[in-house]
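Okay, so here's the structure we're looking at.
This one's a predicted model, so the numbers in the text were calculated from it and none came from an experiment. Just the heavy atoms: all of them, side chains too, but no hydrogens, waters or symmetry mates, feed the values below. Proteins come first, then strands; the chains are lettered A, B, ... in the order of their sequence lines, and each starts at number 1.
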Amino acid sequence: MITIPPRYNPKQSEEKWYQFWEENNFFHAEVDSKRKPYCIVIPPPNITGILHMGHALNNTVQDILIRFRRMQGYATLWMPGTDHAGIATQNVVEKEIAHEGLRRQDLGREKFLERTWLWKEKYGSTIITQLKKLGCSCDWQRTRFTMDEQYSLAVTEVFIRLAERGLIYKANYIINWCPRCQTALSDEESAHKEVKGNLYYIKYPLKDSGMDYIVVATTRPETMLGDTAVAVNPKDKRYKKLIGKTVILPLVEEEIPIIGDSGVDPKFGTGIVKVTPAHDPNDFEIARRHSLYAKIVMNPNATMNQNVPLDYQRMDRFEAREAILEDLEERGLLEKIVPHEHSVGHCYRCHTMVEPYFSEQWFVDMPKLAEAAEDIVKKGKLKFHPPRWKKVYLNWMKGLHGWCISRQIWWGHRIPAWYCPDCKRAYDAAHKGKALLTERIDLLEASILVSLENPKFCPRCGRTDLKQDEDVLDTWFSSWLWPFAIFGWPTLDKKQSEELKYFYPTQVLVTAQEIIFFWVARMIMAGMHFMKEAPFSDVYIHGTVRDITGTKMSKSLGNIIDPLEIVKQYGCDALRFSIISLVATGQDVNLAQNKFEGGRNFANKIWNAARFILTNLDKEKAKADLCLSAKDITELKERWILSRFYQTLDNVTKSLDNFRFNDAAKSCYEFFWHEFCDWYIELAKKTISSKQTQLVLYKVLEKTLRMLHPFMPFITEEVWQSLPHEGKSIMISPWPHVEKQFIDEKIDAQMQRIISSIVAIRNIRSVWQIETNKNIQAEISVASQALEKLFSSCASYIKDSARIESLKVGRNLKRPKGAAVAVLTDVEIFIPLEGIINVEKEARRLTQKRYDLEKLLEITDKKLKNKEFISKAPKEIVEREKEKKEKLKDSIKKLKDNLKGFHLK
RNA sequence: GGGCGGUUGGCGCAGUUGGUUAGCGCGUUUGCUUGACAUGCAAAAGGUCACAGGUUCGAAUCCUGUACCGCCCACCA
């Protein structure tokens with residue numbers, strides 16, 4: 001007798017088997033010309049990352065796909081790695097040194113980077129360790145980091161190649177500036193949020209016209225210090241005559257022109273807009289059209305700079321706002337204040353309000369790169385799942401501006417550009433004030449050299465101490481190369497080029513919707529440009545993990561559920577199975593702690609079913625015939641469970657092929673629990689030692705474990721290892737084949753009749769409160785010889801499952817006196833319970849049943865009387881309705897006949 | 001301003017090209033120390049599929065509109 005604990009102990013198996021898999025190198029993949037490749041690149045988590053439910057969902061999906069394909073025989077590679085996460089990591093290290101009272105400037109660039117590398121060594125792989133706790137079968141030997149030496153080379157190379165083609169350029173442009181991080185951000189890194197503010201109506205006196213003034217409306221009065229014009233719409237009759245006149249900018253007391261620009265909306269505010277080219281993207285565009293000068297009025301930390309009147313200098317932007325409003329008020333220049341809601345960009349890292357800021361930055365020419373990336377998706381060669389994201393993607397591609405890639409931080413890939421200080425200064429001086437017109441800076445003219453190595457001298461003046469650009473590249477400028485840079489591109493040795501050729505393009509990318517623009521779109525661009533092929537053929541976009549009220553989980557809200565805590569409490573398989581069952585394609589998932597009980601209970605069910613089978617398995621018998629054919633199985637219950645198993649397997653395989661993970665999980669669950677355990681194992685108890693039962697118990701369990709393995713890797717391995725098996729691990733065992741010979745719908749229908757009959761009897765027992773252990777008698781009256789045969793041969797199923805002591809099966813039997821009745825299609829069941837049942841109550845029960853069926857009959861009848869239905873509906877539908885009608889009629893008649901026998905008063 | 005998603009029994013959700021008596025999990029009720037499992041077993045109750053029109057022989061499913069909730073995009077001074 002084997003003793004197995006009644007409860008599954010996840011912790012123990014998780015540790016044991018994960019180690020076993022790693023030791024045996026099962027996660028590792030090599031180029032194998034005999035097999036097809038299947039590759040997924042992990043969305044590299046930030047080194048600052050701490051595992052959250054989003055990761056749990058994202059990586060469970062990937063691991064399921066990877067394990068599924070691995071079992072199917074693909075050369076399966078899941079490439080792992082981490083992202084250096086420029087701003088995020090720098091912020092973390094800055095916080096750390098702040099405890100020592102230091103700022104990064106105190107350390108200096110070199111020392112600060114040393115600290116950051118140390119931090120990375122210490123904490124940077126936390127997330128990797130955590131991913132292992134989820135059971136992820138990544139090829140860890142190949143783990144990459146976006147700042148690895150070779151990877152960095154790819155980044156630099158890409159920068160140079162794009163710069164050479166003019167696809168990367170330097171320009172004076174208005175960008176998003178985070179005053180706290182003190183760096184430029186891309187459009188995507190500035191997250192728009194609705195902010196309740198005010199619209200301030202400010203009077204600008206007209207020059208040379210006494211008391212006359214015009215009124216502009218603004219939400220950010222502090223920027224008025226940088227106004228270089230006032231604009232009206234030239235079609236606006238009210239103000240047309242103002243164009244060409246001059247106003248005196250209050251507080252600054254400078255003369256600025258009134259210009260006409262069609263971008264001005266006459267309906268908004270007063271229809272007159274102040275133009276601040278250096279601090280508003282809209283105004284910047286106006287300024288370019290009118291060759292206006294851009295006056296920067298803020299320092300990088302968003303305090304007012306030396307270009308504003310002394311009183312406001314060094315004030316914070318919001319402080320300055322208050323001061324300016326007060327001063328305007330005092331001068332009678334503040335007309336009114338109207339509450340106004342508008343959306344304002346916020347830094348996606350620190351949530352500080354972003355300032356539009358005019359500055360010199362590096363950009364990628366996105367519209368150019370977008371062409372091929374747009375095309376490949378339009379053609380359908382790259383598919384999104386669910387498909388609605390295609391539209392979102394294409395729409396984004398259409399509206400692209402330049403991508404600002406320079407960041408004024410230290411942690412990251414330093415821009416491979418060098419300046420000659422003299423020549424650059426000369427260039428700047430020559431272009432001062434013209435900057436708006438000459439948006440792109442001519443690198444040659446400005447003596448900016450883009451190259452892999454530090455250039456020896458300035459080609460213009462010969463100076464030898466050239467200075468490297470201080471800025472680093474946007475983190476996403478390295479992650480967009482991920483699918484090919486991880487293989488060593490572009491400096492490939494022989495092995496690497498083989499691998500790149502074999503594994504690129506990869507198969508699927510799994511990610512969340514908020515990453516589509518940041519990363520997915522850009523990877524497609526980079527892939528198309530550098531590899532001439534999209535980096536993957538399918539993109540699976542999963543939903544966002546939320547709490548039970550539908551709020552996004554976040555640390556600051558305190559509504560997070562820690563996946564590792566769930567693993568500890570419920571087990572990894574429970575976490576995986578629960579989360580995957582909840583996620584319908586692309587739908588968000590609302591989680592609560594108790595949602596994981598389902599997965600835990602399922603794991604426990606698997607454990608106990610296996611426990612039962614193992615304790616009863618005669619290993620010799622089970623092993624005896626591993627390749628049985630359908631002919632060897634004669635018993636209904638055995639044929640049925642095999643038929644159901646292969647149907648389920650077929651379902652699960654197809655669902656996984658189509659990224660329908662919840663369907664797959666539900667099929668497994670339904671089959672295992674409600675068919676295999678509830679019916680088959682229960683029935684099998686009576687024939688446990690028969691060869692057929694032994695074979696089928698073993699065969700179905702073993703194959704079901706394999707089917708479940710991608711979802712629940714640990715418990716399936718644990719159980720599988722205790723069963724007779726071939727091979728070293730379930731994770732490298734083959735995905736079962738759908739053996740069609742076992743699928744038999746007639747068998748399913750027959751078994752269904754038996755099951756329905758058992759349920760009907762149990763129902764009667766329950767209604768009349770017959771004690772569970774009390775044996776009763778039953779008579780089953782059937783309509784045909786075939787049914788008589790079926791019920792006779794399955795009499796034992798019914799007797800065992802419904803606790804029937806003696807069962808009589810016959811044709812057209814009459815209801816014994818005082819018997820309870822159940823009417824099923826072509827079957828009547830009588831349970832003699834004279835004295836126990838209440839005749840009137842039983843009659844009411846049957847009448848209710850009859851009433852229900854009559855309602856159905858009415859609907860069916862109506863359909864069949866409808867000539868259009870008969871002529872227009874497909875034949876098989878009509879046929880089905882006809883059959884249904886006959887069955888209903890028959891059942892109703894039987895109910896009526898039985899009711900007659902009750903002789904009610 | 002534009003786009004997208006959601007609205008199905010008390011709660012959380014499935015429902016693939018329109019066609020079974022609309023399913024599942026949790027919860028609820030009743031009964032069970034049935035020899036794998038009380039993280040269990042058995043039986044049951046509970047829904048006019050947000051609303052209004054339309055298409056169709058037939059609509060939870062397709063179309064139009066409305067309401068509410070949520071998300072994304074946009075140069076809304």
Side-chain angles (χ1 to χ4, degrees), chain A residues 4 6-8 174 192 199 216-220 223 231 263-265 268-270 272-276 280-286 340-343 356 388-389 391-392 395-396 399 401 513-514 516-517 543-544 546 548 550-552 570 574 578 581-582 584-592 594-595 597-598 600-616 658 660 662-663 666 669-670 677-678 681-682 685 759 762-767 769-773 801 803 852-853 855-856 859-860 863 866-874 876-878 880-881 884 888:
Chain A
I4 302 158
R7 290 208 178 166
Y8 169 58
I174 195 142
H192 286 257
L199 199 52
V216 302
T218 179
T219 52
R220 296 187 301 150
T223 63
V264 180
D265 178 1
F268 189 90
T270 56
I272 306 176
V273 62
K274 62 193 253 334
V275 181
T276 321
D280 184 284
N282 213 357
D283 295 0
F284 176 79
E285 291 302 330
I286 294 178
H340 178 71
E341 203 166 294
H342 60 143
S343 106
R388 64 170 183 270
W389 295 109
K391 225 170 105 180
V392 176
N395 191 42
W396 183 78
H401 300 280
Q513 57 206 52
E514 59 262 31
I516 297 178
F517 305 145
T544 308
R546 301 170 182 284
I548 203 68
T551 315
K552 198 169 167 178
Y570 299 91
S578 300
S581 312
L582 290 170
T585 322
Q587 252 4 83
D588 287 350
V589 54
N590 296 356
L591 281 181
N594 65 2
K595 294 273 169 188
E597 285 168 11
R600 178 200 57 185
N601 295 354
F602 186 45
N604 193 55
K605 191 74 182 175
I606 295 169
W607 183 254
N608 276 293
R611 195 160 78 109
F612 171 78
I613 293 171
L614 276 166
T615 49
N616 289 290
N658 294 306
R660 300 188 66 93
N662 62 329
D663 285 352
K666 291 230 166 91
Y669 181 94
E670 173 65 24
C677 290
D678 289 353
I681 291 184
E682 286 309 317
K685 283 175 179 171
V759 170
R762 284 172 176 172
N763 187 1
I764 288 170
R765 292 190 74 115
S766 174
V767 167
Q769 298 184 350
I770 314 290
E771 286 152 52
T772 332
N773 52 8
S801 301
R803 288 244 175 191
D852 292 345
L853 294 184
K855 265 202 301 199
L856 278 176
I859 294 166
T860 312
K863 267 192 202 169
N866 184 339
K867 278 182 194 134
E868 290 201 88
F869 173 72
I870 303 289
S871 62
K872 286 183 183 168
E876 66 265 26
I877 300 290
V878 177
R880 206 157 69 197
E881 287 301 312
K884 193 162 101 191
L888 283 169

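The shortest distance between the side-chain N/O atoms of A:Asn866 and the OP1/OP2 oxygens of B:G58 is not below 4.0 Å. Contact annotation: A:Lys391 side-chain N/O to B:C4 OP1/OP2 distance is under 4.0 Å.
Rounded to an integer number of Å, the gap from A:Glu341 CD to B:A74 C1' is 16 Å. The nearest whole Å value for the distance from the NZ atom in A:Lys867 to the P atom in B:G58 is 16 Å. The distance between atom CG of A:Asn608 and atom C1' of B:C41, rounded to the nearest whole Å, is 13 Å. Summarising the geometry, the separation between CZ on A:Arg660 and C1' on B:U17 is reported as 12 Å, rounded to the nearest angstrom. Atoms CD (A:Glu682) and C1' (B:U34) sit 8 Å apart, rounded to a whole Å. Spacing between atom CH2 of A:Trp607 and atom C1' of B:C37 amounts to 12 Å, rounded to whole angstrom units. The separation between A:Arg765 atom CZ and B:C32 atom C1' is 11 Å, rounded to whole Å. The CG-P distance, from A:Asp678 to B:A36, rounds to 14 Å in whole Å.
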Nucleotides 23-31 of chain B: which of its N/O atoms have a protein N/O under 3.5 Å away?
unit_1	atom_1	unit_2	atom_2	d
B:G25	OP1	A:His674	NE2	3.2

Protein and nucleotides 67-73 of chain B: nitrogen or oxygen contacts under 3.5 angstrom:
none

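Between A:Ile174 and A:Asp283 there is no side-chain heavy-atom pair separated by less than 4.5 Å. A:Leu888 has its side chain within reach of A:Thr860: a pair of non-hydrogen atoms, C-beta onward, lies under 4.5 Å apart. A heavy-atom distance below 4.5 Å is not found between the side chains of A:Ile859 and A:Lys884. Contact of the A:His401 side chain with the A:Pro281 side chain is not registered, since no non-hydrogen atoms from C-beta on lie closer than 4.5 Å. The shortest distance between side-chain heavy atoms of A:Phe869 and A:Ile877 falls below 4.5 Å.
For A:Glu868 and A:Lys872, the salt-bridge test passes: some basic side-chain N is under 4.0 Å from an acidic carboxylate O.
Using the six-membered ring where Trp is involved, A:Trp396 and A:Phe517 have ring planes that are parallel, under 30° apart on the 30 and 60° scheme.
A:Arg7 contributes a side-chain N or O that forms a donor-acceptor pair with the base of B:U39 under 3.5 Å.
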Please lay out, stage by stage, how A:Val589 and A:Lys595 fare under the test side chain to side chain contact (heavy atoms under 4.5 Å, CB included).
-> CA-CA 11 Å; A:Val589 54; A:Lys595 294 273 169 188; over 6 Å; no
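Comparing the same atom, P, in B:G19 and in B:G35 gives a spacing of 45 Å after rounding to whole Å. Across B:G46 and B:G54, the matching P atoms stand 32 Å from one another, rounded to whole Å. With C1' as the reference atom, B:A14 and B:G58 are 23 Å apart, rounded to whole Å.
Counting only Watson-Crick and G-U wobble pairs whose two key distances fall under 3.5 Å, RNA chain B forms stems of three or more stacked pairs at B:1-7 with B:67-73, B:10-13 with B:23-26, B:28-32 with B:40-44, B:50-54 with B:62-66.
The residue among A:Lys884 and A:Val759 whose nearest nucleotide of RNA chain B is located toward the 5' end is A:Lys884. Looking at which nucleotide of RNA chain B each of A:Arg611 and A:Pro874 is closest to, the 5′-most match is held by A:Pro874.
Closest approach to the A:Ile681 side chain among B:C57, B:A36, B:C75 is made by B:A36 (side chain taken as heavy atoms from C-beta onward). Looking at the side chain of A:His340, the nearest of the listed nucleotides B:C76, B:C13, B:G19 is B:C76. Taking the side chain of A:Arg762 as heavy atoms from C-beta on, and the options B:U20, B:A36, B:A43, the nearest nucleotide is B:A43. Considering only side-chain atoms of A:Asn604, the nucleotide from B:U39, B:A36, B:C76 that sits closest is B:U39. Of the candidate nucleotides B:C37, B:C57, B:A14, B:A14 has the atom nearest to the side chain of A:Asp663. Listed candidates were B:C4, B:A77, B:U20. Nearest to the side chain of A:Arg388 is B:C4. Taking the side chain of A:Leu856 as heavy atoms from C-beta on, and the options B:U21, B:U34, B:A36, the nearest nucleotide is B:U21. Distances were taken from every side-chain heavy atom of A:Asn763 (C-beta onward) to each of B:A36, B:C57, B:A43; the shortest belongs to B:A43.
Counting non-hydrogen atoms of other residues, nucleotides and ligands closer than 6.0 Å to CD of A:Glu771 gives a total of 12 or fewer.
A:Lys685 forms a cation-pi arrangement with A:Phe612, by the criterion of a distance under 6.0 Å to the ring centre and an angle within 45° of the ring axis.
Remark: the backbone N or O of A:Arg803 is paired with a side-chain donor or acceptor of A:Arg765 at under 3.5 angstrom. Proximity of a side-chain donor or acceptor of A:Asp280 to a complementary backbone N or O of A:Asn282 within less than 3.5 Å is detected. A:Ser766 contributes no side-chain N or O that, together with a main-chain N or O of A:Arg762, makes up a donor-acceptor pair within less than 3.5 Å.
Heavy atoms of A:Lys863 sit nowhere under 4.0 angstrom from any nucleic acid atom.
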